[in-house]
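Written out below as structure tokens is the structure these notes cover.
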Amino acid sequence: MLRLGEAWTLLTNAEIARKLNEIRTLMELAGEPYFKFTAYERAASAIENAGPVNDLIAAGELLVLPGIGKSIAATIEELCSSGDCGLLRDLYVRFPPTIFEVLGVSGIGVKTAATLFERFGIASLADLEAAIEAGKLAEMPRMGPKTIENMKRGILAYKGRSRRTPLARAKAIAATVMAYVREGPPVARLLAAGSLRRGEVTVGDVDIVCTSEEAAAVIDWFVRWESAHAVLAEGPTKASIWLEGGLQIDLRVLPDHVYGNLLQHFTGSREHNIQLREFSLRKSLRVSENGILNLESGDVTTCASEEEVYAALGLQFIPPELRSGIGELELAKNNALPRLVELADVRGDFHMHSTWSDGRNDLEEMIAAAAARGYEYHSISEHSQGRGRVGLDPAELRAQRQKVRELGDRHHIVTLCSNEVDILPDGSLDFPDEVLAELDIVVASVHSAINQSRDEMTRRLIRACENPFVTIIGHPTGRMIESFAGYEFDYDAVFAAAARTGTALEIDGQAGRLDLPAPLARRAKEFGATFTVDSDAHDATQLENIELAVTQARRAGLTKDDLLNTRPLDGVRAFVAAKRSRAA
DNA sequence: GCCGTTTTCGGCCCGACTGTTTTCAGTCG
């Protein structure tokens, strides 16, 4: 177990994965064997989806991850202890870091980049532009005018490229794309697959799968869309476009009888598909989007549904949210996958705001909207007094308590009285215990002093868990998807405290948060923690954020039993009472 | 470099599309 105060360079999983991918690419540039550098790619993927690396190292569990053996484990440990590693330093002696600019240009892969570097010394975007300007590139083999034109376009796109797109925005864009496709030639089925369907927090591109008997006509309709800023590829069954801003949309159209194969193939992830195909190959079955080929008999099995695909391979059906290549295949072989929580299991939502704090709909509108969703109960959780103008003081809180009970009755829903109380820098709360004791539910969140040291933040969160009146830790890491990685603390220590004290950890469904992140929730479950899925809605329409929260819970492998707000009201009250009585 | 429901050594996913080519290498997902 990692102790407080140990001098570790705390690289996040994402940072470690990025460095492993850098090693992978530079090794390929250096001409290392294929299966050597791809091993680093697979390891990077495993790290991205794993629990916190520092905790895994401390627990001696690094080698448990698929694709990580002794050599790569040593590299990861070196990265964690020093922030750097000899392997990467050596590679950077040969290639400057700006080589990744060249590789970032769409259409330039490792082979081309290596040739450009060796023959012309092109090691940056500026070098590349100068070489094109000077007409040097035409000397290269297979470098015709069209390739050079595409390269110029790729450079422009690289410069103006936006980052990965947050899940909620990508879902909205996918809906727009599919609405357009439906206006064209007849299609049987149409669905957004890829990382979007897996519920990843951000997506790099949007994959749309479609079945139709008129593929060519559908493709033609698609590439002629007025929102298509550029057409990157156009074939008989597949096309790719860029939207304004650079988001790529891929459309694949096949006949309806292979819908299951098609959907499985394009839902991925890459690592999941590789593992699935390697597994299948050992049974002499070759899996692709076109069907399952039996290499011995030559028979092709096509599947109308994904369930049939997994069944044909002798596997339990694997839900999309679990297809990240981190051991789900092993579980499926043994029929041991968890039965994931579903939206329909959720009986209430503990976290929403009204105009009493910083929400945009008034109390009655929020309560009516919660009732309209069919919830049995919910709670209004405004901010606490320390938030100044947007927060409630104890008198306002008491006034609201009367009000919410009346309104709940009027709308035939149990409206619990709650508050999202600030956790102050020392771990105490923004209300004294006697005020908290009047509430049905207490959500406690960090909103200030987010740059505290790891030790201070760890103690702060543990102290909040230890308060007998705290029911839920709200958005536990504070991460903001596009801008902030989250405050630093000892995850294992806080998860253990949450489990020990009977404090639930929130999976906050606000589009910019999705916090706890799924890999951390997965880790917290190992400590026996309980969770909630909440919308953190600031207006009535945002109550649907609960769907994003459920998706993240599913990615974490959580079941109905792991959550608090899948329980009947009695069960919720018992959870709260148990913690309060234990403390007394 | 990793890994085993054929293997601790000998394998390692699959196919579409492009641009350049007269048969394919490179890129991408």
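Note on naming: letters A, B, ... go to the chains in the order of the sequence lines (proteins, then strands), and numbering restarts at 1 for each one.
Scanning both residues, A:E213 and A:P255, for their nearest heavy atoms gives OE2-CA, 4.1 Å. In terms of heavy-atom proximity, A:F266 sits nearest to A:A193 at O-CB, 3.4 Å. Taking all atoms of both residues into account, the shortest heavy-atom contact from A:D492 to A:D55 is OD1-OD2, 3.1 Å.
Between A:A233 and A:L63, the residue anchored nearer the 5' end of DNA chain B, judged by the nucleotide with its closest heavy atom, is A:L63. Heavy-atom distances to DNA chain B give each of A:I72 and A:A113 a nearest nucleotide, and the one nearer the 5′ end belongs to A:I72.
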Spell out protein contact along nucleotides 4-14 of chain B as letters: B when the base is contacted, S when just the sugar-phosphate is, - when no protein heavy atom is under 4.0 Å; keep the 5' to 3' order. -BB-----BBS
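Within the structure, a side-chain polar atom (N or O) of A:N150 is placed less than 4.0 Å from OP1 or OP2 of B:dG19. For the OP1/OP2 pair of B:dT27 and a distance below 4.0 Å, the side-chain nitrogens and oxygens of A:T112 include at least one atom meeting the criterion. Of the side-chain N and O atoms in A:T38, none sit less than 4.0 angstrom from OP1 or OP2 of B:dG1.
Remark: A:K159 pairs with A:E129 by the side-chain hydrogen bond (donor to acceptor under 3.5 Å, both in side chains) rule, at least two apart or across chains. Residues passing the salt bridge (charged side-chain N to carboxylate O under 4.0 Å, His left out) test with A:R142, sequence neighbours excluded: none.
Distance check on atom P: B:dA16 versus B:dT20 gives 22 Å, rounded to whole Å. Taking atom C1' on both nucleotides, B:dC2 is separated from B:dC13 by 16 Å, rounded to a whole Å. For the C1' atoms, the distance from B:dT23 to B:dT18 is 15 Å, rounded to whole Å. Nucleotides B:dG15 and B:dG10 place their P atoms 27 Å apart, quoted to the nearest Å.
The residue A:T237 sits close only to the backbone: its heavy atoms come under 4.0 Å of sugar-phosphate atoms, none of a base. A:S240 comes within contact range of no nucleotide atom at all, as no heavy-atom separation falls under 4.0 Å. Nucleic acid contact for A:L276: none, since no nucleic acid atom lies under 4.0 Å from a heavy atom of the residue. Nucleic acid contact for A:P66: sugar-phosphate only, since backbone atoms but no base atoms lie under 4.0 Å from a heavy atom of the residue. Nucleic acid contact for A:F37: none, since no nucleic acid atom lies under 4.0 Å from a heavy atom of the residue. The residue A:P33 sits apart from the nucleic acid: no heavy atom pair falls under 4.0 Å.
Stacking of A:R24 on the aromatic ring of A:F37 is not recorded, the 6.0 Å distance cut-off and the 45° axial limit not both being met.
The nucleotide whose nearest atom lies closest to any side-chain atom of A:S71 is, among B:dC28, B:dG19, B:dC2, B:dC2. Listed nucleotides: B:dT27, B:dA16, B:dC24. Nearest to the side chain of A:R142: B:dC24.
Between A:H272 and A:Y310, the angle of the ring planes lies from 30° to 60°, which puts this pair in the tilted group.
Nucleotide B:dC17: paired with B:dG26 (Watson-Crick or G-U wobble, both distances less than 3.5 Å).
Inspection of the A:N261 and A:E306 side chains reveals no N or O donor paired with an N or O acceptor under 3.5 Å.
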